[in-house]
Amino acid sequence: MACCAIGWRFLRYKFHPWMTLATSPLNILTKSGIDRTHAQNRYLSAIGKINFVNVYALLDNLLW
């Protein structure tokens, strides 16, 4: 059971920025005022946490 908890924590840590990128645009559209600013800040910080060099390397390997 502890092994599953560690695995879940690892997956959540790795995919958290991607999940934020998926949900924040909807929050930005539906919120107003200070909540919208908070959603925009979460979106921009999630973009900053993603290592796009690895993403581009993966895409390059898939294409060639």
Please list every donor-acceptor pair under 3.5 Å in which a side-chain atom of residues 17-34 meets a protein atom from a residue at least two apart or in another chain.
from	atom 1	to	atom 2	distance (Å)
Thr20	OG1	His16	O	2.9
Thr23	OG1	Met19	O	3.1
Ser24	OG	Thr20	O	2.9
Thr30	OG1	Leu26	O	3.0
Thr30	OG1	Asn27	O	3.4

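Linking Ile, Leu, Val, Met, Phe, Trp and Tyr whenever their side-chain heavy atoms come within less than 4.5 Å leaves Val55 and Leu62 in two separate clusters.
To the nearest 0.5 Å, the span separating CG on Leu59 from CZ on Phe52 amounts to 11.0 Å.
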